[in-house]
Protein chains: 2
Amino acid sequence: MAEKRQIRKSAHRTGNRSVRMRNTLKILSAAEKVFAEKGFDGATTQQIADIAKLPKSNVHYYFKTKRDIYLALMQSIMAPWLESFQAISVDDDPGDALAGYVKRKVMLSRERPLASRIFANEMIRGAPVLSDFLRNELRKWVEEKTQIVKQWSEKGKMDDVSAAHLFIIIWAATQTYADFEVQIKSVLGRQNLETDDYDAAAELITRMVLRGCGIHGDHKVNQT
Amino acid sequence: MAEKRQIRKSAHRTGNRSVRMRNTLKILSAAEKVFAEKGFDGATTQQIADIAKLPKSNVHYYFKTKRDIYLALMQSIMAPWLESFQAISVDDDPGDALAGYVKRKVMLSRERPLASRIFANEMIRGAPVLSDFLRNELRKWVEEKTQIVKQWSEKGKMDDVSAAHLFIIIWAATQTYADFEVQIKSVLGRQNLETDDYDAAAELITRMVLRGCGIHGDHKVNQT
DNA sequence: CAACATGTTGACCAGTTGGTCAGAATTTGA
DNA sequence: TCAAATTCTGACCAACTGGTCAACATGTTG
């Protein structure tokens with residue numbers, strides 16, 4: 001939705017950046033909708049072009065292939081994911097860190113539900129594009145967090161639980177509010193999900209996570 | 001995978017049931033794979049036919065349209081879902097009932113991962129086919145369980161948590177082991193998920209659920 | 001055997017697919 | 001002002017889409 005952008009002073013070599021950027025964003029924004037709803041194979045460049053309000057050939061001027069659009073989109077989607085990845089360090093209080101992480105992931109589900117759905121589609125397909133990410137960045141991150149959890153539990157701050165399974169469950173519980181939104185609206189009897197619903201979700205997930213890890217006492221949400 | 005079936009004595013009117021049934025099952029089994037991986041729009045009848053080892057026109061002899069295949073498949077998929085729905089009554093011990101439910105749902109993810117993925121795809125698309133199911137059966141089931149949870153909490157057997165959110169989280173946590181299998185294999189560093197992995201998942205989810213609900217003490221898994 | 005239902009199939013169809021391309025329109029920098 | 005770079009787009013393409021159909025094959029039953 002961040003479309004408008006105008007750079008007045010266009011330089012010699014870097015000129016017409018504004019047009020290129022504006023259209024690129026328009027295409028990616030349209031593609032996000034189509035890929036989220038139809039998946040990679042079901043999405044058509046024509047539909048992306050229609051939503052972006054550009055002729056199909058113009059879309060192909062900016063992106064050679066459908067796959068290129070998907071790749072570029074995936075990159076823009078993974079950025080916030082990776083950001084929410086940082087945080088959670090040994091020095092944190094486990095309660096605060098986990099509560100904050102859950103909160104941030106629920107917010108992300110609310111703010112970028114389409115991104116979450118595209119990611120879900122990619123996983124269901126067997127991660128043909130993101131398999132490297134899974135094997136490298138994600139794997140490494142989980143290994144790091146495993147060490148942190150181990151240290152926390154050695155210090156008696158929490159139970160000795162599997163960090164891998166813990167995060168798998170946190171991801172599932174938080175992302176489900178984006179991916180399965182229809183189902184959730186139906187179950188909650190809502191027309192639309194409101195702030196209260198996301199708050200209730202975050203609260204229950206947090207409670208389950210903290211108690212499941214044997215973490216007691218109050219915790220303040222880490223808003224990093 | 002339940003393909004072989006032979007009814008020797010074919011009766012007059014109900015004759016050639018065996019051929020019809022065998023081919024129908026072959027097609028549905030093939031369709032399960034294709035729909036799970038490609039989604040409804042991405043799936044092609046040609047691919048379904050290829051996997052079923054039948055000419056495309058023969059597939060269309062048994063199912064008029066792609067949508068018909070999808071509909072029939074969806075019915076066969078929802079059956080186990082609905083079965084696992086029952087159970088959980090007021091007379092149960094909440095710990096046993098919830099632990100058993102989690103266990104059953106994890107088993108289902110292991111045994112029918114493709115079914116779970118097709119369901120996930122359907123939800124991501126906005127449930128164009130299952131919207132009635134969501135509004136009626138599912139909604140009603142959750143309302144029932146809400147009453148049960150309320151009664152349990154009034155009897156002091158557990159905390160007063162939102163049954164809706166509770167089940168949403170249980171569904172998400174259990175189904176993620178089917179839907180996001182690639183991601184989970186990567187995170188756990190496994191080539192394939194084994195019994196131990198599913199057991200560990202069920203155990204942690206159960207612990208989080210029970211403690212999150214303020215249910216203490218041992219619990220035996222309800223194998224209904 | 002004849003008749004009749006059931007099952008099988010290649011040929012075919014109009015519409016759509018992802019993608020190309022030549023050329024026209026425009027923006028740009030000097 | 002003007003030439004070069006960039007952007008835009010309709011026409012076009014071979015491959016594929018979901019689906020139809022007429023002809024044929026294979027039982028099945030009396």
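Each chain gets a letter, A, B and so on, in the order the sequences are listed, and its residues count up from 1.
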Distance criterion of 3.5 Å, no angle test: do you see the side chain of A:Lys56 paired donor-to-acceptor with the base of C:dG19? yes

Value in whole Å for how far the P atom of C:dG19 lies from CG of A:Asp68: 8 Å

Can you find a side chain N or O atom of A:Arg20 that sits less than 4.0 Å from OP1 or OP2 on D:dT7? yes

Under the ring pair (Phe, Tyr, Trp, His ring centres under 6.0 Å) rule, what do A:Trp171 and B:Phe180 come out as? Steps first, then yes or no, please. CA-CA 10 Å; A:Trp171 294 332; B:Phe180 288 24; 9.3 Å; no

Quick one: does B:Ser57 reach the base of C:dG10 with a side-chain donor-acceptor pair under 3.5 Å? yes

Report yes or no: does B:Lys66 contribute a side-chain atom to a donor-acceptor pair with the main-chain N or O of B:Ala43 at less than 3.5 Å? yes

Would you kindly check whether a donor in the side chain of B:Lys64 faces an acceptor in the base of D:dG19, or vice versa, at under 3.5 angstrom? no

Counting only heavy atoms not in B:Met107 (residues, nucleotides, ligands), do more than 12 fall under 6.0 Å from its CE? no

How would you label the contact of B:Ala49 with the nucleic acid (heavy atoms, under 4.0 Å): base, sugar-phosphate, or nothing? nothing

d(CG, B:Leu54; P, D:dG19) in whole Å: 17 Å

To the nearest Å, how far apart are B:Ile48 CD1 and D:dT17 P? 11 Å

Length of the CG-P vector between B:Asp41 and C:dG15, whole Å: 20 Å

For B:Tyr62 and D:dG18, give me the distance from atom OH to atom C1', rounded to whole Å. 20 Å

From C-beta outward on B:Gln46, which listed nucleotide comes closest to its side chain: D:dT17, C:dG10, C:dG18? D:dT17

Where the side chain of A:His60 is concerned, which of C:dG19, D:dC8, C:dT8 is the nearest nucleotide? C:dG19

Return yes if some donor-acceptor pair links the side-chain N/O of A:Lys145 with the main-chain N/O of A:Ile88 below 3.5 Å, else return no. yes

Protein-nucleotide distance (A:Lys26, atom NZ; D:dT7, atom P), rounded to Å: 14 Å

Among C:dG18, D:dG19, C:dT8, find the nucleotide with the atom closest to the side chain of A:Thr45. C:dG18

Between D:dC8, C:dT9, C:dG19, which nucleotide gets closest to the side-chain atoms of A:Asn23? D:dC8

Roughly, in whole Å, what's the span from CD1 in B:Ile27 to C1' in C:dG7? 12 Å

Specify the separation, in whole Å, of atom CG of B:Asn58 and atom P of C:dA11. 16 Å

Between B:Tyr61 and C:dT8, is there a side-chain N or O to OP1/OP2 distance below 4.0 Å? no

Backbone N or O of B:Ala178 within a donor-acceptor pair of the B:Arg117 side chain at under 3.5 Å? yes

